[in-house]
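Below is one structure, written out as structure tokens; the observations come after it.
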Amino acid sequence: MIPRLAAAPPPSVRVRAPGKVNLALRVGPVGDDGYHPLATIFQAVSLYEEVTATHVAPGTGISLTVSGPQADAVPTDETNLAWRAAVLLAERTGLSADVKLHITKGVPVAGGMAGGSADAAAALVACDALWEAGVPRPELVELAAELGADVPFSLLGHTAVGTGRGDLLTPAMTRGEFHWCFATQRKGLSTPTVFRRFDELAGPSTPKVAPTDDTAIMHALRAGDAVALGRALHNDLEAPAVDLRPELAEVLEVATESGALGAVVSGSGPTVAALGRSRQHALALGAAWTAADVVDAVWTATGPAPGTQLVTAIAR
């Protein structure tokens, strides 16, 4: 008897995109459009989201599944940024939005580290490759900006200065490697809520922002000076995040007492990023947080990390 050959798996691609930490985040007064102008310095870190896009029959539409840490907290419908990215790419290319997406989580959920933005960036690249759309990277960056302010940086990676809503990027020169430990909380913080509290605390006197406010960070990055970088970390959203979640003050305090070169709330929180002297010191910072019982989980990573990359090309 001739053995029956197994059916070949459908074509698929796998793409990964990094999470990020804001080395600096300065927030200006809210504009007439309801958005705050930002001046920020992003650094991509070695915590990754992976999106696998698999071919499905025409007319099937989009489906989405998620696995990994906190997967149950991630929506699997059209509100998911990866789903929205697939729809947007299909609309712009005139292709049918038929794809099975699977997200493997590697960035904390709702922690101010742009995990959802990484999903969107990875889905754009994955669907472009799967559908053989051939969209140039600059056009993908334009689509990314429509999905969210952090999505373009997820495509770019490494280290960059962001202005506007954070989506206008200028690559920043860095030297060496920086070692991070991140303290995460099971309960997230709503970004709009943090910005509203920022407005309430700042009142009408919120100053305008400019990237020149963070020249100390830029010098530290170019010199590869982790000590100077730690001293210069800054986030205008830290005060409103701590005001909303007072327990974050203790997380920051434990990091400082444990010798962190610097500690700061990442993005809109509630994740706290602590900069270590070395990989081993970053692990020690995580151990100190765990021993103090002030966090739900700790993650270590290095930066800068590359942007969105194709991991596995189409397998036919």
Side-chain angles (χ1 to χ4, degrees), residues 16-26 38-49 106-108 111-115 117-118 121 150 152-163 166 168-184 210-235 238 251-252 254-267 271-289 298-309 311:
R16 73 177 189 179
K20 60 83 180 169
V21 61
N22 294 85
L23 307 178
L25 178 56
R26 298 188 185 274
L38 305 177
T40 186
I41 302 173
F42 295 110
Q43 183 165 95
V45 296
S46 59
L47 297 175
Y48 299 100
E49 299 283 280
V107 176
M113 295 185 68
S117 296
D150 288 341
F153 177 72
S154 295
L155 282 172
L156 179 67
H158 301 285
T159 307
V161 176
T163 54
L168 304 176
L169 300 173
T170 304
M173 200 165 75
T174 63
R175 178 178 296 168
E177 191 174 57
F178 299 94
H179 302 279
W180 297 95
C181 189
F182 299 98
T184 62
T212 52
D213 294 334
D214 291 300
T215 53
I217 288 182
M218 300 303 291
H219 288 313
L221 289 170
R222 285 194 291 270
D225 187 340
V227 174
L229 178 62
R231 285 197 300 262
L233 296 174
H234 177 82
N235 183 0
E238 182 169 291
V251 181
L252 291 162
V254 170
T256 301
E257 291 178 347
S258 301
L261 300 180
V264 68
V265 170
S266 180
T271 296
V272 170
L275 183 60
R277 295 186 299 272
S278 63
R279 193 183 305 269
Q280 291 72 24
H281 186 217
L283 290 169
L285 292 172
W289 273 329
V298 295
W299 311 60
T300 56
T302 57
T308 304
Q309 293 181 314
V311 177

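No experiment lies behind these values; they were computed from the predicted model shown.
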Point-to-point distance, once rounded to the nearest 0.5 Å, from [atom1] of [X] to [atom2] of [Y]:
X: M173; Y: M218; atom1: CE; atom2: CE; value: 8.5 Å
X: L169; Y: L156; atom1: CG; atom2: CG; value: 6.0 Å
X: L261; Y: T256; atom1: CG; atom2: OG1; value: 10.5 Å
X: L47; Y: R16; atom1: CG; atom2: CZ; value: 11.0 Å
X: T159; Y: R222; atom1: OG1; atom2: CZ; value: 12.0 Å
X: Q309; Y: L155; atom1: CD; atom2: CG; value: 11.5 Å

**OP:** Evaluate the side-chain contact (heavy atoms from CB on, under 4.5 Å) criterion for residues V298 and T184: first the C-alpha distance (whole Å), next the side-chain angles of each, then the deciding distance (0.1 Å), finally the verdict.
**Re:** CA-CA 6 Å; V298 295; T184 62; over 6 Å; no
Original post:
Yes or no on side-chain contact (heavy atoms from CB on, under 4.5 Å) for F182 and T300, after CA distance, side-chain angles and deciding distance?
Top reply: CA-CA 6 Å; F182 299 98; T300 56; over 6 Å; no
**OP:** State which residue, out of L25, L23, I41, T40, fulfils the side chain to side chain contact (heavy atoms under 4.5 Å, CB included) condition with D214.
**Re:**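 Exactly one candidate clears the test, I41.
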Original post:
So L221 and L229, side-chain contact (heavy atoms from CB on, under 4.5 Å) or not? Walk me through it.
Top reply: CA-CA 7 Å; L221 289 170; L229 178 62; 4.2 Å; yes
Subject >> Qualifying residues under side-chain hydrogen bond (donor to acceptor under 3.5 Å, both in side chains), relative to H234, sequence neighbours excluded >> reply: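 side-chain hydrogen bond (donor to acceptor under 3.5 Å, both in side chains) list for H234, sorted by chain: R26, D236.
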Subject >> Which residues share a side-chain hydrogen bond (donor to acceptor under 3.5 Å, both in side chains) with W180, sequence neighbours left out >> reply: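 side-chain hydrogen bond (donor to acceptor under 3.5 Å, both in side chains) check on W180 returns Q43.
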Shortest non-hydrogen contact from [X] to [Y]?
X: G106; Y: W299; value: O-CZ3, 3.4 Å
X: K20; Y: F42; value: CD-CD2, 4.0 Å
X: W289; Y: A255; value: CZ2-CB, 3.6 Å
X: V21; Y: V45; value: CG1-CG1, 4.0 Å
X: G112; Y: S266; value: O-OG, 3.1 Å
X: P306; Y: Y48; value: CD-OH, 3.8 Å

Any sub-3.5 Å donor-acceptor pair from [X]'s side-chain atoms to [Y]'s backbone N or O?
X: N235; Y: V264; result: no
X: E177; Y: P304; result: no
X: T308; Y: A17; result: no

**OP:** Take L252 and E238 through the side-chain contact (heavy atoms from CB on, under 4.5 Å) test and state the conclusion after the steps.
**Re:** CA-CA 10 Å; L252 291 162; E238 182 169 291; 3.9 Å; yes
